[in-house]
Visitor: 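Okay, handing you the structure first.
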Amino acid sequence: MARHLITSALPYINGIKHLGNMVGSMLPADVYSRYLRQRGHDVLYICATDEHGTPAELAAKEQGLPVDVFCAQAHDAQKAVYDGFALAFDHFGRSSSPQNVEITQHFARRLKENGFIEERAIRQVYSPADGRFLPDRYVEGTCPHCGYDKARGDQCENCTRVLDPTDLINPRSAISGSTDLEVRETKHLFLLQSKLQHEVEEWVARHENDWPQLAASIARKWLNEGLHDRAITRDLDWGVPVPADTWPELAAEGKVFYVWFDAPIEYIGATKEWSDQDPENRDWKSWWYDVDTDVRYTEFMAKDNVPFHTVMFPATELGVREPWKKVDYVKAFNWLTYYGGKFSTSQKRGVFTDQALEILPADYWRYFLIANAPESDDASFTWEHFTATVNKDLADTLGNFVNRVLSFSKKRFGEEVPAGGEPGEPERKLGEEIARLLAEYEEYMETLQFRKAAASLRALWSAGNSYLEEKAPWLEIKTNKEGAALTLRTAMNLIRLYAVVSEPFIPTTAKTMREAFALPDDTATWVTTDEAKSLTAVPAGTPFTVPPVLFAKLTDADLETYKERFGGTPE
């Protein structure tokens, strides 16, 4: 089987992430990783907190903590939420790790040796009120392109255009709010992307036809506009230090690498963190170094991260002139909005991941988010849509099927799977339909079409309900007890099949369904076509239990409570 390296965009360290962050990177990466593992592939899913740059310093300052202490606490808080969502990372690291420092500095030295980094004197914003140069995110102002008045000095989050602090209109210090800003000369390192433009274009051209249109179009737009040399160092107290053996003057001044230089390298750094935990059995280089034909590398991210992963990081890897693994497939997502507007912490609008878990178990959120993933367009979260989806798909279609089959069988036949007669035409037709839908589901999972995969999974669940309504064992048992037993045994085999194939979407519920049957050697990780057609994996006589209600239906009162707490339509 193939080896699959999977990464999702690193979540910033400053604060718990909202549902849009979850569905735009980590959750679909987890669903895909789980699916590949079930199909027998060797999978390594790597992620980490992105701990450098101004967001970390500003958040630490706000909480009155040293930045390293803040990052350690915030990392643990984020990891707890991701554990709550059942994200099965192989390793969830930290970009402040010694491993990332080591590899980032190695990359920088190699880029300098190859003529792709040079030191330049530049004019930079200085704040007398703060007594320091202000890195890009320490400067806020109005975007010159769209007029957004809270644009940062590195990027406008409204129109996603990359900026320099000096581009902003009416700039102000993000530390003190002072508008008394000066422009002074200082020295920084620049990555000479312009010298790598042609190589990056050739590399993108070899891959873009395989990527989703969203990722390919963003990469092509950046290349068509031309790659510019960009400063890759900042005046910060927290970050990967510029190595003193290569740039002694800048190191003495306390320069650190720009967060968007070291953050993608942390994918490699985090893999080394994972490897260093068990060096006798794990080899990080076997995933990253000179493995282009052996490892398939898939990245998951929202659209604002696409330029850095399809252009800037590949440029860095190309310039190092070493055989580091480059991405094969970029799965990019649009935005998940909240009633058509932005999630906003300051305005207390929208659902954040820790709050989501306070309300309902993770599987409710996992299924809804993937079934409505913003793949081709932006998608809007509304409580009305969420409630309807939970009630229709999870509570009625899947949960009710499981409960009524097991409860009715226990009441009429006891706590073992009944035998019944031989399968007939309804069972044959059901098996063919299940096999067809399973193949469709597999195809969409293989091609990372998550909304379509969710629709196929939902169709699998619906097929069981259709069969049950057709056979009506609650009526059948009155005239044909053996026939009713066959119907229930077939339905129980459907439950077990659902448990196996639903695991990427709803792992906790899948485990509960699977454990309802006391099968002695149930080690299967997937369902073959023949198994899907025959539906005989759970034989007669197998003990079973009726699990608690899998999914509670949400009421109108729940809906109003949620909207009151989190807000409804943005003003």
Side-chain angles (χ1 to χ4, degrees), residues 8-28 50 53-56 58-59 62 74 78 81 85 136-137 139-163 167-170 172 174 214 218 260 300-308 332-359 365 368-387 389 451 559 562-571:
S8 51
L10 310 186
Y12 272 130
I13 194 68
N14 59 327
I16 301 299
K17 305 308 161 191
H18 57 66
L19 294 181
N21 296 117
M22 177 63 69
V23 74
S25 57
M26 291 173 283
L27 180 55
D50 185 359
T54 54
L58 290 173
E62 185 178 329
Q78 286 199 24
V81 172
F85 266 85
D136 41 25
R137 285 201 178 204
V139 185
E140 297 177 343
T142 301
C143 175
H145 302 287
C146 71
Y148 181 61
D149 65 357
K150 294 183 177 66
R152 302 186 304 257
D154 64 338
Q155 187 176 29
C156 175
E157 65 176 13
N158 186 57
C159 69
T160 74
R161 292 290 289 269
V162 173
L163 303 170
D167 295 334
L168 295 172
I169 301 168
N170 300 322
R172 60 188 178 274
L214 179 62
I218 292 174
W260 260 112
F300 290 80
M301 71 201 68
K303 59 186 175 183
D304 58 330
N305 285 327
V306 169
F308 301 102
F333 291 86
N334 287 283
W335 303 127
L336 179 72
T337 64
Y338 186 78
Y339 283 88
K342 289 180 178 293
F343 286 79
S344 172
T345 306
S346 61
Q347 298 178 36
K348 297 181 180 179
R349 188 179 66 243
V351 189
F352 288 72
T353 49
D354 57 341
Q355 299 167 329
L357 295 177
E358 292 172 7
I359 300 170
W365 301 104
F368 174 82
L369 291 171
I370 294 297
N372 298 279
E375 292 179 288
S376 57
D377 297 291
D378 290 351
S380 178
F381 177 93
T382 70
W383 285 109
E384 291 82 358
H385 188 199
F386 176 75
T387 299
T389 301
R451 292 180 73 141
L559 175 66
Y562 300 150
K563 290 179 69 174
E564 182 178 354
R565 176 177 176 182
F566 297 102
T569 305
E571 298 177 358

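For reference, positions follow the sequence shown, starting with 1. Quick note: numbers below take in every heavy atom, side chains included, and nothing from hydrogens, waters or symmetry partners.
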Visitor: Can you measure from NE2 (His145) to CD1 (Ile169) and round to the nearest 0.5 angstrom?
Guide: 9.5 Å
Visitor: Going from OG1 on Thr337 to CG on Leu19, what distance comes out if it is rounded to the nearest 0.5 angstrom?
Guide: 11.5 Å
Visitor: Sequence neighbours excluded, which residues qualify as side-chain contact (heavy atoms from CB on, under 4.5 Å) partners of Thr382?
Guide: Tyr339, Ser380, Glu384, His385
Visitor: Who are the salt bridge (charged side-chain N to carboxylate O under 4.0 Å, His left out) partners of Asp378, not counting sequence neighbours?
Guide: Lys303
Visitor: Under the side-chain contact (heavy atoms from CB on, under 4.5 Å) test, which residues partner Ser25, sequence neighbours left out?
Guide: Ser8, Ala9
Visitor: Among all residues two or more places apart in sequence or in another chain, which pass the salt bridge (charged side-chain N to carboxylate O under 4.0 Å, His left out) test with Arg172?
Guide: Glu140
Visitor: How would you list, by chain and number, every residue that makes a side-chain contact (heavy atoms from CB on, under 4.5 Å) with Asp167, sequence neighbours excluded?
Guide: Pro144, Leu163, Asp164
Visitor: Do you know the tightest heavy-atom contact between Ala59 and Asn14?
Guide: CB-CB, 3.8 Å
Visitor: Sub-3.5 Å donor-acceptor pair from the side chain of Arg451 to the main-chain atoms of Ala373, do we have one?
Guide: yes
Visitor: Test of understanding: with salt bridge (charged side-chain N to carboxylate O under 4.0 Å, His left out), list the residues that count as partners of Asp50, not counting sequence neighbours.
Guide: none
Visitor: Quick one, Trp335 with Lys342, criterion side chain to side chain contact (heavy atoms under 4.5 Å, CB included). Give me CA distance, side-chain angles, the key distance, then yes/no.
Guide: CA-CA 9 Å; Trp335 303 127; Lys342 289 180 178 293; 5.6 Å; no
Visitor: I'd like to check Ile370 versus Leu27 (side-chain heavy atoms, cut-off strictly below 4.5 Å). Are they in contact?
Guide: yes
Visitor: The criterion is ring pair (Phe, Tyr, Trp, His ring centres under 6.0 Å); which residues satisfy it with Phe308, sequence neighbours excluded?
Guide: Trp260
Visitor: Could I get the full list of side-chain hydrogen bond (donor to acceptor under 3.5 Å, both in side chains) partners for Glu564, not counting sequence neighbours?
Guide: none
Visitor: Identify, with sequence neighbours excluded, every residue that meets ring pair (Phe, Tyr, Trp, His ring centres under 6.0 Å) alongside Phe386.
Guide: Trp365, Phe368, Phe381, Trp383
Visitor: Output all residues satisfying salt bridge (charged side-chain N to carboxylate O under 4.0 Å, His left out) with Lys17, sequence neighbours left out; order by chain, then residue number.
Guide: none
Visitor: Check the surroundings of atom CD in Glu62: do more than 12 heavy atoms from other residues, nucleotides or ligands lie under 6.0 Å from it?
Guide: no
Visitor: Under 4.5 Å between any side-chain heavy atoms of Val306 and Met301, yes or no?
Guide: yes
Visitor: Can you see which heavy atom on Ile359 is nearest to which on Arg565, and at what distance?
Guide: CG1-NH1, 4.1 Å
Visitor: Heavy-atom distance under 4.5 Å between the side chains of Phe343 and Leu336, does that happen here?
Guide: yes
Visitor: Taking side chain as C-beta onward, heavy atoms only, is Pro11 less than 4.5 Å from Gln78?
Guide: yes
Visitor: Is there a side-chain contact between Phe85 and Met26, using heavy atoms and a 4.5 Å cut-off?
Guide: no
Visitor: Output all residues satisfying side-chain contact (heavy atoms from CB on, under 4.5 Å) with Asp149, sequence neighbours left out; order by chain, then residue number.
Guide: Thr142
Visitor: Partners of Tyr12 by side-chain hydrogen bond (donor to acceptor under 3.5 Å, both in side chains), sequence neighbours excluded?
Guide: Arg137
